[in-house]
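Bear in mind the structure is a predicted one, so any value in this text is a computation, not a measurement. The sequence lines fix the lettering, A, B, ..., with proteins before strands; numbering per chain opens at 1.
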Protein chains: 2
Amino acid sequence: MKISELSRRTGVPVASIKYFRREGLLPAGRATAARLAEYGEEHVQRLRLIKALTTLGGLSIAATRDVLAAVDQAETTDGTLRAISYALPVPVTAASAGDAERDADAEAAAEADVTRLIAAMDWKIPDTSPHIRGLAMALRELRRLDADYRPERLVAYAELAHSIARLDLERAAAFDDSPALAEQAVIVLALSGPMLELLRRLAQEDQVRRRSTLDDNPEEGPGDGPR
Amino acid sequence: MKISELSRRTGVPVASIKYFRREGLLPAGRATAARLAEYGEEHVQRLRLIKALTTLGGLSIAATRDVLAAVDQAETTDGTLRAISYALPVPVTAASAGDAERDADAEAAAEADVTRLIAAMDWKIPDTSPHIRGLAMALRELRRLDADYRPERLVAYAELAHSIARLDLERAAAFDDSPALAEQAVIVLALSGPMLELLRRLAQEDQVRRRSTLDDNPEEGPGDGPR
DNA sequence: CAGTACTGGATAGTGGCAGTATCTTCTTAA
DNA sequence: TTAAGAAGATACTGCCACTATCCAGTACTG
């Protein structure tokens, strides 16, 4: 199909398709002449994925390129999963300069907290993981706001995060050895977050409403509570 | 204190402090003369909160202003919680035009799925909640990618989201009737998400690594699994 | 009490990002 | 053979989050 039809099928303007090609998110079409190319279903699917990663996943164009590169280089199942896991940008990277006084101290303390949490959860994660630094920075910032995010508190969240990750990986593993693995894996790894965030917001809304009406009854009605 | 000291204490450039004032995120200092003002600890704290909401929470300046306005208008505990819950921006708002054919159909079907999910979870949420539309749009997009996010699948995530929301609200409720309630509430409601996302990514990393080494052992070691 | 440094406020400028538009050269179907 | 696209290169736009400059007014300094 021509680029105009690709545009029509996906709803992405021609100029944007060209832009994605320039930025390396979309492979070129099969050239049929010096100045003509043919696009196929894989381009349609790729554009859908690009849109999902950017609008739902909130990824930048640059991050999307990196993630898609990992998808394309998929060799083994594990390698694919790992590559995608690292290609995804770490939310919360840059923090502030702050008053810089004992920044190093606070940073080190926060990182130690994270290390302890990881040990408590029995997670196997290399010290070099960017997520460790990200979480440490987040905790430092929260601590500065007098928010109570001590490790004991965090464990409850960590256990829920663990359950979510298990659900995610189960879903990704279902596509093991399928050619669609890499694509489904990136969907699961990159888009579960935003979806979960929406569910969390809905659940929060419910909790807030319950407080409003029952007010001083922290217990719940029938039919809820996981497990 | 003068603006320069406020800047030094918080690490925020003077020009940015002025910018935040202009945008209504930061109240003006107490005027001591026609062209001089005095800032206090509340300004320091407010700047910390602004930084946390923008860098950790990923909120835009406009969204931060709205959230802070809700914090400042805090009257009752419940009102505060509700105002903040609605002031937070909905991730995933704008979607695509797409091929527009049966967009309306798909949209309606997705929204029905969400309604069914909410009923199944026994959540009390008004039909007008922006999160419902947001989730519906997210599901439609995922469905288009052939990702398996049927309601049955979603329930498992929803239950976990419910648990998280309960943890969050418990923490916020601990500050009930405290003058810091609104502030702590906004921290809990707005910043739990990013923190959880980091934890989820760490947990994902662990799961991926476990697959790599044990490969075909989906069961786990000791010390994990929530409840 | 002059000089300098600093202040709050208004306004203008900057840099990055994600597209969007234009221009030129080519291809092809009517 | 000519008008309607197509492909690619390059330039432009709009938004956002700052950042810099300018101005009149204040305050410490010696």
Hey, what are the protein-to-nucleotides 14-22 of chain D N/O distances that come in under 3.5 Å?
unit_1, atom_1, unit_2, atom_2, d
D/dA17, OP1, B/I61, N, 3.4
D/dT19, OP2, B/S16, OG, 3.2
D/dT19, O4, B/R22, NH2, 3.0

Open item on the list: Mind checking if B/A31 touches a base, just sugar-phosphate, or nothing, with heavy atoms under 4.0 Å?
Closed with: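 No contact.
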
Please give, in whole Å, the distance from [N] [atom2] to [X] [atom1]?
{"X": "A/I50", "N": "C/dA18", "atom1": "CD1", "atom2": "P", "answer": "13 Å"}
{"X": "A/L26", "N": "C/dG19", "atom1": "CG", "atom2": "P", "answer": "13 Å"}
{"X": "A/K51", "N": "C/dA18", "atom1": "NZ", "atom2": "P", "answer": "17 Å"}
{"X": "B/E23", "N": "C/dT11", "atom1": "CD", "atom2": "P", "answer": "14 Å"}
{"X": "B/I3", "N": "C/dA10", "atom1": "CD1", "atom2": "P", "answer": "13 Å"}
{"X": "A/M1", "N": "D/dG5", "atom1": "CE", "atom2": "P", "answer": "18 Å"}
{"X": "B/Y39", "N": "C/dT7", "atom1": "OH", "atom2": "C1'", "answer": "9 Å"}
{"X": "A/L6", "N": "D/dG5", "atom1": "CG", "atom2": "P", "answer": "17 Å"}

TODO: Respond yes when some side-chain nitrogen or oxygen of B/R21 is under 4.0 Å from OP1 or OP2 of C/dG8, and no when none is.
DONE: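 Checking B/R21 against C/dG8: no side-chain N or O falls below 4.0 Å of OP1 or OP2.
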
- [ ] Start with the C-alpha gap between A/I125 and B/R209, add the side-chain angles, then the distance that decides, and say whether side chain to side chain contact (heavy atoms under 4.5 Å, CB included) holds.
- [x] CA-CA 8 Å; A/I125 295 167; B/R209 275 209 127 60; 5.8 Å; no

Open item on the list: Is there a salt bridge (Lys or Arg N to Asp or Glu O under 4.0 Å) between A/R9 and A/E41? Walk through the geometry before answering.
Closed with: CA-CA 10 Å; A/R9 289 261 319 262; A/E41 284 307 312; 3.0 Å; yes

Would you call [X] and [Y] a side-chain contact if the rule is heavy atoms closer than 4.5 Å?
{"X": "B/E183", "Y": "B/Q45", "answer": "yes"}
{"X": "A/T10", "Y": "A/E5", "answer": "no"}
{"X": "B/L139", "Y": "B/E111", "answer": "no"}

Task: Sole residue of A/E197, A/Q204, A/R201 in side-chain hydrogen bond (donor to acceptor under 3.5 Å, both in side chains) with B/H131 - done: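 Looking at A/E197, A/Q204, A/R201, the match for B/H131 under the side-chain hydrogen bond (donor to acceptor under 3.5 Å, both in side chains) is A/R201.
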
Open item on the list: Is the ring pair A/Y149/A/Y157 parallel, tilted or perpendicular, if the boundaries are 30 and 60 degrees?
Closed with: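 Answer is tilted, since the angle falls between 30° and 60°.
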
- [ ] Any chance you could list the contact pattern along nucleotides 23-30 of chain D? Use B for base contacts, S for sugar-phosphate-only contacts and - for none, protein heavy atoms under 4.0 Å, 5' to 3'.
- [x] -BSSS---

- [ ] Just jot down the ring-ring contact (aromatic ring centres under 6.0 Å, His included) partners of A/Y39, sequence neighbours excluded, or say none.
- [x]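 A/Y39 satisfies ring-ring contact (aromatic ring centres under 6.0 Å, His included) with A/H43 once adjacent residues are dropped.
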
Open item on the list: Regarding B/S129 and A/E205, do their side chains bring together a donor and an acceptor under 3.5 Å, going by distance alone?
Closed with: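 Result is yes, a qualifying pair exists.
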
